[in-house]
Protein chains: 2
Amino acid sequence: MNSLEQQSWQSVHDEVLRRIHTREWKPGDLIPKEVELAEQLGCARATVNRALRELASEGFLDRRRKAGTRVAAHPVRRAKLDIPVIRLEIEGRGQKYAYGLLFSERRTPPPEICANLGVTAESDMLHITSLHLADGKPFMFEDRWVSIAATPTILDADLEKISANEWLVLHAPYTRGDIYFSAVNASAAEAKVLRTDPGTSLFLMERTTWENQTGITSARLLFAPGYRKHSAI
Amino acid sequence: MNSLEQQSWQSVHDEVLRRIHTREWKPGDLIPKEVELAEQLGCARATVNRALRELASEGFLDRRRKAGTRVAAHPVRRAKLDIPVIRLEIEGRGQKYAYGLLFSERRTPPPEICANLGVTAESDMLHITSLHLADGKPFMFEDRWVSIAATPTILDADLEKISANEWLVLHAPYTRGDIYFSAVNASAAEAKVLRTDPGTSLFLMERTTWENQTGITSARLLFAPGYRKHSAI
DNA sequence: AGAAATATTATGTACGTACATATTATCTTT
DNA sequence: AAAGATAATATGTACGTACATAATATTTCT
């Protein structure tokens, strides 16, 4: 890459990535400073800055003021997982989405939910279990607790028609959340709902969301056998 | 937020996010154009642009030229998963890392590996299985195929001492990869290696990486029972 | 020599201008 | 009215300058 017409932060991004991939710049190496790169590649420092910033956020570079920019010594791969509303995930596969409310009650939460959301055992909560289907077959079993204090309007929602999952996305603001992915053996009850055998290995997604310090909802999403979550890196 | 001294893309980012969270701007809504926002918030358009670009990449906004910027109708949560080298993941938990090579052979690949990597059945490949331990207990079982054509120097690596996982990160350039997460029941052999019972539900990560169009390696990473992958959103 | 103050430096960010590009909206032609 | 050409417009990006900030290097002081 000589000092000709080069432009665009994308091309700088690609060129730097090429040098990393070809080991011209090896893990741990200090790379030229922004001003030098800008000269080499014939563009403004702002352009180099944008490219390097992007590469750092992708985990390829480590940057520190004054210390300069280094190729990440232990490239941490940052996989981006898109977690859409279940309906869209199913429709995105070209399958027909259906949903059924299994059970709904208003009561105080069990200890593990209190711990997840940081609420007291006397909290007024809505407990819902439901089943999401793809082409008529069980796809995901949802077991959710919603704080009525934090989201009173959910009592007005018709959860026979719209899933709590989707209602919350549209009506409950939230600022942060946690997700855990794991694998569990199906219990007898879970196996029955998902029409599989007890003990079958199931993909589990546990999600908890807060608005500021207030716990909104905690959900256990259990996927039917064969489910795979994909990500490109 | 009045038209006073406001600066910094972070504060613009936070202010826009606040308006989304408080439903001042609801899903699907068209928000003011960059120039207007810049005026409102008293900063340059470039600053607003950076904030909105960030919010779009986080999945809160949809932006299109000429059409303007809208609050995402179906907020797709973008969970960022950090996938470090196994050794660092274990050490990051404060546990002692150990590694053992179980098996290594040089041979032609089975059909599923050919399909994954897009190589022919006559390819010269290295097949390695190994076990990663945390505090002496089985943590992850790795079953990996590496293309010798694409990465000939791996034959010189001492895979008794450094795991293929780590060696590849440090020595094999790659441009793109796929990851699949799923749950599987342990086979008899897998259960034995991971010191658990056959049928136990295990978290599986399948990774395939390419350099441009050349398949480099395909790995099946099977985690011991209880493993959970976390992400904040 | 060791600590504290000061200078230096690479990245981080803001601003204003200019132009590119993708879409949408409008006008013209058939 | 449908199709095609043209204008309008919001975002996308590049550039150069200016200053902020964090970390390091150097100098000064005790």
Side-chain angles (χ1 to χ4, degrees), chain A residues 1-17 19-20 25 27-73 76 78, chain B residues 1-17 19-20 25-73 75-76 78:
Chain A
M1 201 69 27
N2 57 30
S3 51
L4 289 177
E5 18 56 68
Q6 194 63 272
Q7 283 159 299
S8 90
W9 69 270
Q10 292 265 11
S11 57
V12 175
H13 176 282
D14 292 351
E15 170 60 15
V16 170
L17 201 49
R19 294 189 190 179
I20 294 174
W25 294 338
D29 281 4
L30 193 65
I31 76 171
K33 54 185 117 176
E34 294 187 349
V35 188
E36 290 172 18
L37 266 178
E39 263 174 50
Q40 270 185 48
L41 303 175
C43 63
R45 183 169 81 91
T47 309
V48 172
N49 180 277
R50 166 114 191 236
L52 298 189
R53 183 155 38 83
E54 210 87 3
L55 283 162
S57 92
E58 292 167 42
F60 292 107
L61 296 176
D62 286 333
R63 320 192 71 201
R64 276 167 57 221
R65 280 177 174 166
K66 165 79 185 176
T69 301
R70 295 178 176 278
V71 178
V76 172
R78 234 149 259 171
Chain B
M1 201 69 25
N2 55 32
S3 51
L4 289 176
E5 18 56 69
Q6 194 64 272
Q7 284 158 299
S8 91
W9 69 269
Q10 291 266 10
S11 56
V12 176
H13 176 281
D14 293 352
E15 170 59 15
V16 171
L17 201 49
R19 293 188 189 180
I20 295 174
W25 293 339
K26 292 184 263 307
D29 281 5
L30 194 65
I31 76 171
K33 54 185 118 175
E34 294 187 348
V35 187
E36 290 172 18
L37 265 178
E39 263 173 50
Q40 269 184 46
L41 303 175
C43 63
R45 182 170 82 93
T47 308
V48 172
N49 181 278
R50 166 118 189 234
L52 298 188
R53 182 154 38 82
E54 211 86 4
L55 283 162
S57 93
E58 291 166 42
F60 292 106
L61 296 176
D62 285 331
R63 319 193 72 202
R64 276 167 57 221
R65 280 178 174 165
K66 165 78 185 177
T69 302
R70 297 179 173 278
V71 178
V76 171
R78 232 149 260 168

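Below, chains carry the letters A, B, ... as their sequence lines are ordered, and counting in each starts from 1.
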Please give, in whole Å, the distance from [N] [atom2] to [X] [atom1]?
| X | N | atom1 | atom2 | answer |
| --- | --- | --- | --- | --- |
| A:Glu36 | C:dA10 | CD | P | 8 Å |
| A:His13 | D:dA14 | NE2 | C1' | 17 Å |
| B:Arg64 | D:dT9 | CZ | P | 18 Å |
| A:Lys66 | C:dT11 | NZ | P | 11 Å |
| B:Trp9 | C:dG12 | CH2 | P | 12 Å |
| A:Asp62 | C:dT11 | CG | P | 13 Å |
| B:Arg50 | C:dC15 | CZ | P | 13 Å |
| A:Asn49 | C:dG12 | CG | P | 6 Å |

Contact under 4.0 Å: [X] side-chain N or O vs [N] OP1/OP2:
| X | N | result |
| --- | --- | --- |
| A:Arg53 | C:dT11 | no |
| B:Arg63 | C:dA22 | no |
| A:Thr47 | D:dT13 | no |

Item to check | Spatial distance of atom CD (A:Glu36) from atom CD1 (A:Ile31) [nearest 0.5 Å] | outcome: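 Going from the CD atom of A:Glu36 to the CD1 atom of A:Ile31 covers 10.0 Å.
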
Checklist entry - A:Arg65 or B:Ala46: which one's nearest nucleotide on DNA chain D is closer to the 5' end? => result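 It is B:Ala46, whose closest nucleotide lies nearer the 5' terminus.
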
Next on the checklist: Taking the basic N atoms (NZ, or NE/NH1/NH2) and the acidic carboxylate oxygens, is any pair closer than 4.0 Å for A:Arg50 and A:Glu34?
Outcome noted: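 Salt bridge between A:Arg50 and A:Glu34, a charged N being under 4.0 Å from a carboxylate O: no.
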
Next on the checklist: Is it the case that the side chain of A:Arg64 and the backbone of A:Thr69 share a donor-acceptor pair, with hydrogens and angles ignored and the cut-off at 3.5 Å?
Outcome noted: no

Item to check | Main-chain N/O of B:Glu58 paired with B:Arg78 side-chain donor or acceptor, under 3.5 Å | outcome: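 No: the side chain of B:Arg78 does not pair with the backbone of B:Glu58.
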
Checklist entry - What is the nucleic acid contact for B:Arg45, judged by heavy atoms within less than 4.0 Å: base, sugar-phosphate only, or nothing? => result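 The residue B:Arg45 makes base contact.
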
